[in-house]
Visitor: 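Can you read through this structure? Questions will come right after.
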There are 2 protein chains.
Amino acid sequence: MKLFFTRYRTILLTGVSLAAMLVLLRWLELRFLIFDNAIEVYIGAIALLFTGLGVWLALKLTKPKTVIVERQVFVATNADFQLNETVLTELGISKRELEVLELMALGCSNQEIANRLFVSLNTVKTHSSRLFEKLEVNRRTQAIEKGKRLILIP
Amino acid sequence: MKLFFTRYRTILLTGVSLAAMLVLLRWLELRFLIFDNAIEVYIGAIALLFTGLGVWLALKLTKPKTVIVERQVFVATNADFQLNETVLTELGISKRELEVLELMALGCSNQEIANRLFVSLNTVKTHSSRLFEKLEVNRRTQAIEKGKRLILIP
DNA sequence: AAGACGGTCATACTTTCGGGTGATTTGTAC
DNA sequence: GTACAAATCACCCGAAAGTATGACCGTCTT
């Protein structure tokens with residue numbers, strides 16, 4: 001139950017808020033029928049409400065406009081990186097685990113890795129902890145160091 | 001196919017729920033047309049209009065979200081490590097801070113660094129936190145990555 | 001002498017990590 | 001068609017990491 005809620009939280013909340021809005025509309029409609037001199041207030045409320053809805057929709061659905069800000073960065077040329085697949089198979093490290101390791105080495109937090117791989121934070125934790133077992137380390141920094149030594153990452 | 005679904009689940013479901021909402025609105029509109037007078041149609045038009053206004057407002061007034069793209073400037077591959085002292089002095093990184101960075105890159109925890117340098121855990125935290133400021137990073141993994149790129153550590 | 005700087009340490013607090021456990025689903029190999 | 005590995009996700013809890021702030025003490029400079 002809790003699982004279901006966390007998984008579809010956004011959708012549920014969206015649904016609930018829409019429903020609430022409809023109820024509110026209905027209520028306003030009833031009030032309007034009773035006090036029929038309040039039409040301007042009613043219209044105003046509607047306008048406000050749906051302006052808000054529009055803003056929300058736009059913010060929710062727009063893709064971020066990308067403004068490219070160039071910044072010079074020093075980078076060591078590791079063009080000679082050749083993944084050591086032998087070690088990879090020997091240690092039984094899966095594709096996904098390697099991806100996690102790569103992102104770790106770039107300095108990503110677990111949450112950032114989760115966002116990039118389109119999986120949950122818990123999944124990343126599972127991957128990383130399996131990875132640590134296979135690399136026989138306890139920390140992500142050690143994993144990065146060992147990964148570089150074993151040529152699993154550039 | 002299934003992969004596609006899982007990856008874009010949120011987006012798909014959002015789309016579906018929006019579609020459902022539109023259908024609902026359409027249905028309500030029809031009800032109004034059939035059973036009631038034109039006032040509801042009017043209200044509906046207002047709602048639509050102001051939803052549009054909201055969208056327009058949001059799009060017009062929202063600051064563009066900036067995505068910083070780093071342009072890579074290649075630097076000679078240093079097979080044998082040669083500390084980049086220029087960057088070191090430019091960023092104002094002290095000797096002690098560099099030592100902490102080196103040990104971090106070896107995978108040491110703060111406590112281990114403290115033991116190795118014969119200082120307290122809190123001191124290591126202070127050093128690392130100053131280091132992060134100077135390197136403009138938030139995590140030790142990012143510090144390691146940037147340190148390697150700037151050739152502060154091998 | 002005053003100030004800047006680097007190094008040291010502390011307290012208090014928040015966030016992130018990592019370990020442990022259990023579960024479902026899916027694709028593949030047998 | 002079942003057995004298995006890989007991938008996914010959840011929950012709990014304690015440890016580690018990181019933030020913010022303040023303080024003290026040498027050394028070096030002006």
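The structure presented is a predicted model; accordingly, all values stated were derived computationally and were not measured. Protein chains get the first letters and strands the later ones, always in sequence-line order, with residue 1 at the start of each. We use all heavy atoms of the structure for the numbers below, so side chains are in, but hydrogens, waters and symmetry mates are not.
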Visitor: Hydrophobic cluster membership, with links at side-chain heavy-atom distances under 4.5 Å among I/L/V/M/F/W/Y: are Leu103(A) and Leu121(A) in one?
Guide: no
Visitor: Between Ile93(B) (CD1) and dG7(C) (C1'), how many Å, whole number?
Guide: 16 Å
Visitor: Looking at every non-hydrogen atom in both residues, tell me the closest pair between Val100(B) and Ile113(B) and how far apart they are.
Guide: O-CD1, 4.0 Å
Visitor: Respond yes when some side-chain nitrogen or oxygen of Asn122(B) is under 4.0 Å from OP1 or OP2 of dC9(C), and no when none is.
Guide: no
Visitor: In B/S/- notation, 5' to 3', how is nucleotides 13-20 of chain C contacted by protein heavy atoms closer than 4.0 Å?
Guide: ----SBS-
Visitor: Let me test you: for the helix from dA1(C)-dT30(D) to dC30(C)-dG1(D), what is the angle between the axes at its two ends (five pairs each), rounded to 10 degrees?
Guide: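 Overall, the helix from dA1(C)-dT30(D) to dC30(C)-dG1(D) bends by 50° from one end axis to the other.
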Visitor: Under 3.5 Å, which protein N or O atoms sit close to an N or O of nucleotides 4-7 of chain D? Give each pair with its distance.
Guide:
unit_1: dA7(D); atom_1: OP1; unit_2: Arg96(A); atom_2: N; d: 3.4
unit_1: dA7(D); atom_1: OP2; unit_2: Ser94(A); atom_2: OG; d: 2.3

Visitor: Considering non-hydrogen atoms only, spot the tightest contact between Leu150(B) and Leu91(B) and give its length.
Guide: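 Scanning both residues, the minimum pair turns out to be CD1-CD1, 4.0 Å.
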Visitor: OP1 or OP2 of dC9(C) less than 4.0 angstrom from a side-chain nitrogen or oxygen of Thr126(B), does that happen here?
Guide: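 Answer no for this pair, as no side-chain N or O of Thr126(B) is under 4.0 Å from OP1 or OP2.
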Visitor: Checking the side chain of Lys148(B) only, and the main-chain atoms of Pro154(B) only, is there a donor and an acceptor separated by less than 3.5 Å?
Guide: yes
Visitor: If the threshold is 4.0 Å, N to carboxylate O, is there a salt bridge linking Arg149(B) and Glu145(B)?
Guide: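 Counted as a salt bridge, because a side-chain N and a carboxylate O are separated by less than 4.0 Å.
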Visitor: For a side-chain contact (heavy atoms from CB on, under 4.5 Å) check, start with the C-alpha distance between Ile93(B) and Leu135(B), then their side-chain angles and the critical distance, and finish with the verdict.
Guide: CA-CA 9 Å; Ile93(B) 293 173; Leu135(B) 287 177; 3.9 Å; yes
Visitor: Show the nearest heavy-atom pair for residues Met104(A) and Phe132(A), with the distance to one decimal.
Guide: CE-CZ, 3.7 Å
Visitor: Within this structure, what is the CG-to-P distance between Leu131(B) and dT8(C), rounded to whole angstrom?
Guide: 14 Å
Visitor: Between Glu112(B) and Arg139(A), does any NZ, NE, NH1 or NH2 come within less than 4.0 Å of an OD or OE carboxylate oxygen?
Guide: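 Here Arg139(A) pairs with Glu112(B) in a salt bridge, since their nearest N and O are under 4.0 Å apart.
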Visitor: If the threshold is 4.0 Å, N to carboxylate O, is there a salt bridge linking Glu133(A) and Arg130(A)?
Guide: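 Between Arg130(A) and Glu133(A) there is no salt bridge, as every charged N stays at least 4.0 Å from the carboxylate O atoms.
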Visitor: Could you tell me which non-hydrogen atom of Leu101(B) sits nearest to which non-hydrogen atom of Ala143(B), and how far apart they are?
Guide: CD1-O, 3.8 Å
Visitor: Within this structure, what is the CG-to-P distance between Leu98(B) and dG6(C), rounded to whole angstrom?
Guide: 14 Å
Visitor: Could you tell me which non-hydrogen atom of Arg116(A) sits nearest to which non-hydrogen atom of Cys108(A), and how far apart they are?
Guide: NH2-SG, 3.8 Å
